[in-house]
2 protein chains.
Amino acid sequence: MQDGIGVTDRPDIGPAEDKVSGSREKGLNRVLEIFEFLHTTQRAIGIGDLAKGVNAPRSTTYTLVRSLVDAGLLEMAGDGNRVYFGKKLYLYGMDYVRGNDLLRRGRQEVDDLSRQTGETSELCMLQSGRYTIVHSSPGTRPFRISSATGLQIPLPWTASGRLLLAGLERADIEDMVSEEDLVLPDGRRLKLDDFIGDIATARSTGYCVTSGLVDAYTKCLAAPVFSAPGKVEATMCLVVPIDTSREKTDELLVLLRQRAARLSIAA
Amino acid sequence: MQDGIGVTDRPDIGPAEDKVSGSREKGLNRVLEIFEFLHTTQRAIGIGDLAKGVNAPRSTTYTLVRSLVDAGLLEMAGDGNRVYFGKKLYLYGMDYVRGNDLLRRGRQEVDDLSRQTGETSELCMLQSGRYTIVHSSPGTRPFRISSATGLQIPLPWTASGRLLLAGLERADIEDMVSEEDLVLPDGRRLKLDDFIGDIATARSTGYCVTSGLVDAYTKCLAAPVFSAPGKVEATMCLVVPIDTSREKTDELLVLLRQRAARLSIAA
DNA sequence: TACACATGTCTTTTATAAGAGACAAATTGT
DNA sequence: ACAATTTGTCTCTTATAAAAGACATGTGTA
């Protein structure tokens, strides 16, 4: 509890220091925060800790959690007094998949590509302005490059990010990318202009390869999935060891681009 | 705990129309209704219609939908002004699956069983007191017995229902089953005592077979999945033509019960 | 045994979000 | 071309839900 670790407790990089904590919050917003919190912790949590975690009053948290549990969006987990996501969210999620050709077929293509190549493969999309891994299939390598589904990563850190922003105006891109997004995990800092240049390149070549961006050991190959001419709706990507040979990389790129193109047609 | 207050006008099932319409509703409740509405319609819908559908003021609906879209729980669908479930719900749903051994393994067993037998196979659970198909795999028959995932059906209509209530007190069962639940789709009416008798039988035999309950053409075989000794957490079931031979049925039952038992061990 | 600190429930106060309704702009139909 | 709807945004009011906090239990530990 109470790991002082994060200076954090700044829930969102909002405009200005909103009216000091302590102000009354809309119930729905609290719920949204609860969901995000559970999504990041990825485990069941006690209601008291949850209240601390989302910085909400205990009494409020109890009432909200009760509503959500009654509705089936949350469930009391195993031993008794912990909560986590509930069946209803799973059902709604399946509804989303069913209603979404791209995702349904994309998951399939990703699974197939991963089996075909043995490499980790992922389907990525923009999720409220951020890069999100929507589905991933682990591949067969002894060392797994694990990146959790639903993880959100700054756009400039990834090959997919460069493709997802293709076709946007410079201003839009600037809006989407914050200063800190340009700082890589190892401390290096990208120049915004370089990033925008990358985007333009990716757009014209129809794919993007980045090496050692998120970590020093991997290379990322990405190809765009179009929902309409010029509109990049998603990307498929492969995560491979950084020392993968030129030939092997090109070979993988062909397979990747084939599948990404196949996904594009109907959507 | 707290059953004294129970008079509570349950937001439950039932048309329930407007209880003294005009009363103000909590935003969160409206959101829950919106989700349920989308879940039943299974398609994107305009905001105006949505407001009508959940019987909420238009202005309120607009604000709520905007919040939800911003949060990614809903998405504006294809052509422009329709909404449906969003990526976030999918991601949360995947979180649920990940955190839930039973569901993860259950889906696998159901898929395997369906491939092995060629019949439609389902994983079912209680969802806030109602029978719910949590996962289903269609089988290979020319005529598909389709029943949507997430569909909620009165407990007495199903074989699984009899197993899911095994181990509950008579009083609890009476609470869960309403009068109308006892009326089958074809108009026949079950006697509560018969139903409770079925439950006891199912409990001791460790499986349940029903014929022509929901419709006249199918037979349903179900086996319990235990989360603890005596506690039925879910059921696996097979939906087969009603004229399936005795031998064939027994054979399928063996396979089904094997897999259901396998699911039970670790949870 | 007593102490400190969680958990879960209830009551009260007041800041505020839900709702009604007016509007302009876009979309119909005739 | 002209109603007749529907859509999306805004303003204002007041019913009400969020929050504070008291209380009764529970759980751990010194």
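Letters go in sequence order (proteins before strands), and every chain restarts at 1. The shown structure was predicted, so the numbers you read here are calculated from the model rather than taken from an experiment.
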Side-chain heavy atoms of Leu74(B) within contact of Tyr84(B), under 4.5 Å
no
Length of the line joining Leu28(B):CG and dT16(D):C1', which is rounded to integer Å:
14 Å
Does the side chain of Arg30(B) get closer than 4.0 angstrom to OP1 or OP2 of dA17(C) through an N or O atom?
no
Without decimals, in angstroms, what is the distance between Leu64(A) CG and dA17(D) P?
12 Å
Less than 6.0 Å separating the ring centroids of Tyr92(B) and Phe35(A)?
yes
Salt bridge (Lys or Arg N to Asp or Glu O under 4.0 Å) assessment of Lys231(A) paired with Glu233(A)
CA-CA 6 Å; Lys231(A) 177 149 196 266; Glu233(A) 183 73 20; 3.3 Å; yes
Ion pair present between Lys88(A) and Glu36(B), side-chain N to carboxylate O less than 4.0 angstrom?
yes
So for Arg58(B) and dG8(D), does any side-chain atom that can act as donor or acceptor lie under 3.5 Å from a complementary atom in the base?
yes
Would you mind reading off the distance between Asn55(B) atom CG and dG19(C) atom C1', rounded to a whole angstrom?
13 Å
Just to be sure I understand the rule, does Arg66(B) reach a base, reach only the sugar-phosphate, or reach nothing, if contact means heavy atoms closer than 4.0 Å?
sugar-phosphate
Roughly how many Å is it from CZ in Arg82(A) to C1' in dG8(C), rounded to a whole number?
16 Å
Can you check whether Ser59(A) has a side-chain N or O nearer than 4.0 Å to OP1 or OP2 of dA19(D)?
no
Counting side-chain heavy atoms from C-beta on, which of dA18(C), dG8(D), dT13(C) comes nearest to Arg24(B)?
dA18(C)
Is there side-chain contact between Trp157(A) and Pro185(A), with at least one heavy-atom pair below 4.5 Å?
yes
By nearest-heavy-atom nucleotide on DNA chain C, the more 5' of Ile47(A) and Gly27(A) is Ile47(A)
Rounded to the nearest angstrom, tell me the gap between atom CG in Leu50(B) and atom C1' in dG8(D).
15 Å
Against the side chain of Tyr62(A), the closest entry in dT7(D), dT9(C), dA18(D) is dT9(C)
Whole-Å gap separating P (dT5(D)) and NZ (Lys52(B))
12 Å
When rounded to whole Å, the CG to P distance for the pair Asn81(A) and dG26(D) reads 14 Å
Given dG8(C), dG8(D), dA20(C), identify the nucleotide with an atom nearest to the side chain of Pro57(B).
dA20(C)
May I have the distance from Ile45(B) (atom CD1) to dT7(D) (atom P), rounded to whole angstrom?
10 Å
